[in-house]
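Ligands are counted one by one from 1 in listed order, and the atoms in each one are counted from 1 as well. Computed from a predicted model, the values in this text were never measured in an experiment.
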Amino acid sequence: MAKKIKKIGVMTSGGDAPGMNAAIRAVVRACTYYNIKCIGYYRGYEGMIENDFIELTSRNVKNIINKGGTILKSARSTAFRTVAGRKQAYENLSAENVDAIILIGGDGTFTGGALFSKEYDIPVLGIPGTIDNDIFGTQFTIGYDTALNTVVEAVDKIRDTASSHNRLFFIEVMGRDAGFIALNAGVGAGAEEILIPEEDQPLEKLIKSLKRSKRNGKTSSIVIVAEGDKTGKNVFELAEYVKDNMEDYSPRVTVLGHLQRGGSPSCADRVLASRLGVKAVELLLEGEKDVMVGIRNNKIVATPIVEIMRCKNSINRELLRISDILSV
Ligand code: F6P
């Protein structure tokens, strides 16, 4: 029989995402509601290894639902990748009588969690928190919606100056391995072209499309480039390439960078984080372990973490087609 859960440890790990605080708040308040203890580890797995934690009560998490970042801080731990690091973390958890852990993060976080739950008998529950939206087992990750809105707002502003000066802009957005942000924000902001890691787009196609736009009377254009696009050129080299091939263009480049990870979470992210946080605690109390909670068709679902690591969410190719049609 599964051990009764009396104390839960929660942490945030990997790249931070708006809404992580709302998720921490939901976990802590659900623990209070069900009369169990909760402690928060600082800097993800690093805090577990260094035994750096704080006791969390409902009052500790007041006024954070609207805050970006994470009050528990975040890190990508190299020590946790070692056998010794994970052993130290387990010993610390046992000494504190922590019965289960809730991990809020992305794929790196869950890789660590999968390994840990295989080696040690401690239930692990995942909550997807990353702006990249690249986690299998959920249609939306916490932080993605806010990041999309941030990108669209920034591109709208760049469009103003692009239009005033009849300029072409290359805008780099986050997404080392996934094009969810680029594709959705690209369509939402009316980009001319969208370059993503999932699609090997020849550079000639880009030039052809920009030339077609010029012929059709467009005076300014926006190209959205995901960090991990497959052109083999970075965003500055892309701009140079276009300049060399279209002399009448003097392209400009904007890298949006980490501003995409900050800011107050959108309402959608706050609601998602609240639902996932409560469900994570409830599943642990029901004896569930080694799963990640996610959302599918507006229902909260749980998927084994090993499956999350094995599978990938695919991008919506229909959006590429829509983007092509609309950039005419
Ligand atoms: O959070 C995920 C992510 O935003 C990726 O899209 C990006 O490549 C990466 O984080 C950059 O993170 P950092 O600067 O923290 O290494």
Q.
Under 4.5 Å between side-chain heavy atoms, counting indirect links through other Ile/Leu/Val/Met/Phe/Trp/Tyr residues: same cluster for V98 and L284 or not?
A.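 Cluster IDs for V98 and L284 differ.
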(Q) Would you compute the distance between atom CG of L103 and atom CE of M292 and round it to the nearest 0.5 angstrom? (A)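 L103 CG to M292 CE: 11.5 Å, rounded to 0.5 Å.
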Q. Centroid-to-centroid, F80 to F116, below 6.0 Å?
A.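 Between F116 and F80, which both carry aromatic rings, the centre distance is below 6.0 Å.
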Q) Judging by distance only, is a nitrogen or oxygen of E227 under 3.5 angstrom from one on ligand 1? A) yes
Q) Should M174 be counted as touching ligand 1, given the test is an N or O pair under 3.5 Å? A)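 Not met; the criterion fails.
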[atom] - nearest protein heavy atom and its distance:
{"atom": "atom 1 (O) of ligand 1", "result": "R261 NH1, 3.4 Å"}
{"atom": "atom 5 (C) of ligand 1", "result": "D132 OD2, 3.3 Å"}
{"atom": "atom 14 (O) of ligand 1", "result": "H258 NE2, 2.7 Å"}
{"atom": "atom 13 (P) of ligand 1", "result": "R76 NH1, 3.3 Å"}

(Q) Y144 and side-chain hydrogen bond (donor to acceptor under 3.5 Å, both in side chains): which single residue from T130, N184, D132 fits? (A) N184
Q | Ligand-residue contact atoms, ligand 1 with G175, heavy atoms, under 4.0 Å | A |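 Counting from 1, the qualifying ligand atoms are 6 (O).
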Q: Could you list which atoms of ligand 1 come closer than 4.0 Å to a heavy atom of G15?
A: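 Numbered from 1, ligand 1 contributes 1 (O).
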Q | More than 12 heavy atoms from other groups under 6.0 Å of NZ on K214 | A |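 Yes, because the 6.0 Å sphere around NZ of K214 holds more than 12 heavy atoms from other groups.
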Q: Kindly check if the number of other-residue, nucleotide or ligand heavy atoms within 6.0 Å of NZ (K73) is above 12?
A: no
